[in-house]
Amino acid sequence: MTIGSLQLTPAPLAGPLPLEPGFSAFVVSGGRLRRELLFAIQGCLTDEGDEVAAALAGLRGGASYQLAEAVEIVGRVLGLDAVERALAAEPGGLEGHLGEAGHIASMLSAQLEEVTLLAAELETKEAELQELRADSVESAGDLEVANMEWLRERQDAETHLQAHRARARELKQRIAEMERGGTESDCPTCGRVLEEHVQHVIEILQEEWESVVQDGKWWKRRHEQLDLKPERLQQLEGQNLRISAAGEALAEDVERRRAKHLELREAHAQLAASLGASGGTPTLRGRALVALREEIRAEAKDLLLTRTSRLLNRITGGSVLGVVESEDGSPLFVGDSGGQALVSDEETAAFSIGLRLAAADLTSRRGAQVGTLVVGDDFDRLSHDARIRTVMLLRSLLDRIPQVLLFCPGEVVGMVPESFDRVVEIREGEDDARAVVRSVQTGVGRLSIH
């Protein structure tokens, strides 16, 4: 899938779809053709055994449904499949285990108590991280405002300095011409011959030249002063760097605590296995496996919401601070005014893309082989700025995911052509003929799709 050509069978194309590792932009002429290609690519990923990539490509439907599906995808990488197989192999199946109660609590109470304590610590740390992200957004905004003011002042000084230099050169040239022409010189205002008034006019121009030179010296000093960043701007830059560094350190602390949680869960699984090997009842081991299954799903959801929060914060330029789950299982955006339901198409699209990128990032970091990441129709519903930020995020995944495919309008390619390794233009054929494919290498430069 990641090298050579993609054979789509059945395919809406006249021939194979050429693909290579890297970031490819797919510019498709029609909605129907785009849908057919997305489904065909998903089927091809399944046929080639790229199961995680196929599951990610198939994330569709409402936000709650997508979240539940993404939890299953990440959960499988964390060991959910193995637990499900173990449950299926238990005598009497899953239903028999669910009917028993009491014994498992005493056997695993110590581990469950430690897991609960760690979960509370994680909640505290995540709250601190959320506050730090809000501070980071505010600091970045102050820095941007201060930087723009400084740049405007520099540009203003540069403009005035160049204007004074140009006027001084013009006056100097006019004075020299009049000195050479003498009484035959023309008046710079009315164009008549100056005759005996030439010296008086030269004196007036000389005075103006001296005044322009003096003003120009002031603007030159002002320009030199603004070559260095103002102290306030330097302070804001330092503050922004410190907040960013603190955020990264806190995020790493949260990840370490999550790793500890994973170790506890693995110890939990080993205890359940040892109980079965030492003659413990099937019901006891089954209850342990059921508890482990739910812990894995809870861990997967926690990881997904945390990582999706980071990505949404970047996609939305800081307007969304994070995402949480409501009591009914639907996602809520966390902003300055608290949690809010997803109401617009753009919000739903941003969540869908952030969730897909988070699931791809998490699974690839935990050892899953994700050969291809596909982003489709949701991208079109993002705002202009959010599209550019999303392209940058997709580009950053190439160090772990060999091939990224983005279905996008041609105008996006024109805005950031250097971000893509190639552009694949697909047009519908005439008279129900197969679609025609044109692949173009890109990179630094500008490419227009007509």
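Computed over heavy atoms, backbone and side chain alike; hydrogens, waters and symmetry mates excluded. Only a predicted model underlies this, so the values are computations on that prediction, with no experimental measurement involved.
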Do [X] and [Y] touch side chain to side chain, with heavy atoms closer than 4.5 Å?
X      : Y      : result
Ile401 : Phe23  : no
Val412 : Val391 : yes
Gln369 : Val52  : no
Val375 : Phe407 : no
Cys408 : Val413 : yes
Asp215 : Trp218 : no
Leu394 : Leu373 : yes

How many angstroms lie between atom [atom1] of [X] and atom [atom2] of [Y], to the nearest 0.5 angstrom?
X      : Y      : atom1 : atom2 : value
Thr390 : Leu311 : OG1   : CG    : 9.5 Å
Asn313 : Phe333 : CG    : CZ    : 11.0 Å
Ile315 : Asp385 : CD1   : CG    : 13.0 Å
Phe26  : Leu406 : CZ    : CG    : 10.0 Å
Glu295 : Glu299 : CD    : CD    : 9.0 Å
Ile388 : Ser419 : CD1   : OG    : 7.5 Å

Apply side-chain contact (heavy atoms from CB on, under 4.5 Å) to Leu393 and Arg314, showing your working.
-> CA-CA 9 Å; Leu393 288 173; Arg314 294 181 62 182; 3.3 Å; yes
Indicate the atoms forming the closest heavy-atom contact of [X] with [Y], along with that distance.
X      : Y      : result
Val27  : Gly410 : CG1-N, 3.9 Å
Ala86  : Leu289 : CB-CD1, 3.7 Å
Thr363 : Val370 : OG1-CG2, 3.7 Å
Val320 : Thr316 : N-OG1, 3.1 Å
Leu342 : Ala63  : CD2-CB, 4.2 Å
Phe420 : Ser24  : CD2-C, 4.2 Å

Would you call [X] and [Y] a salt bridge, taking side-chain N to carboxylate O under 4.0 Å as the test?
X      : Y      : answer
Lys220 : Glu158 : no
Glu425 : Arg427 : yes
Asp421 : Arg395 : yes

Passes side-chain contact (heavy atoms from CB on, under 4.5 Å), Leu67 versus Leu305? Steps please.
-> CA-CA 9 Å; Leu67 177 59; Leu305 291 176; 4.2 Å; yes
Residues at least two apart in sequence or cross-chain that pass side-chain hydrogen bond (donor to acceptor under 3.5 Å, both in side chains) with Arg165, listed by chain then number, are none
For Gln42, enumerate each residue passing the side-chain hydrogen bond (donor to acceptor under 3.5 Å, both in side chains) test, keeping only those at least two apart in sequence or located in another chain.
-> Arg60
Qualifying residues under side-chain contact (heavy atoms from CB on, under 4.5 Å), relative to Ser330, sequence neighbours excluded = Ser64, Ser326, Asp328
Could you tabulate the donor-acceptor pairs under 3.5 Å formed by side-chain atoms of residues 72-82, not counting sequence neighbours?
| unit_1 | atom_1 | unit_2 | atom_2 | d |
| --- | --- | --- | --- | --- |
| Glu72 | OE2 | Arg297 | NE | 3.0 |

Before giving the answer on salt bridge (Lys or Arg N to Asp or Glu O under 4.0 Å), spell out for Arg387 and Glu411 the whole-Å C-alpha distance, their side-chain angles and the decisive distance to 0.1 Å.
-> CA-CA 11 Å; Arg387 288 180 180 181; Glu411 64 190 48; 3.3 Å; yes
Other residues, nucleotides, ligands: >12 heavy atoms within 6.0 Å of Glu69 CD | yes
Do any N or O atoms from the side chain of Glu347 and from the backbone of Ser344 form a donor-acceptor pair under 3.5 angstrom?
->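 Answer holds: yes.
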Output side-chain donor-acceptor pairs under 3.5 Å for residues 349-362, partner residues at least two apart or in another chain, one line each.
| unit_1 | atom_1 | unit_2 | atom_2 | d |
| --- | --- | --- | --- | --- |
| Ser352 | OG | Gln66 | OE1 | 2.8 |
| Ser352 | OG | Asp378 | OD2 | 2.7 |
| Arg356 | NH1 | Leu56 | O | 2.4 |
| Arg356 | NH2 | Leu59 | O | 3.0 |
| Asp361 | OD1 | Arg365 | NE | 3.0 |
| Asp361 | OD1 | Arg400 | NE | 3.2 |
| Asp361 | OD1 | Arg400 | NH2 | 2.2 |
| Asp361 | OD2 | Arg307 | NH1 | 2.5 |
| Asp361 | OD2 | Arg365 | NE | 3.2 |

Can Leu37 and Val28 be said to form a side-chain contact (heavy atoms from CB on, under 4.5 Å), step by step?
-> CA-CA 9 Å; Leu37 282 169; Val28 186; 4.1 Å; yes
Among all residues two or more places apart in sequence or in another chain, which pass the salt bridge (Lys or Arg N to Asp or Glu O under 4.0 Å) test with Asp380?
->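 If we apply the salt bridge (Lys or Arg N to Asp or Glu O under 4.0 Å) test to Asp380, skipping adjacent residues, the hits are Arg34.
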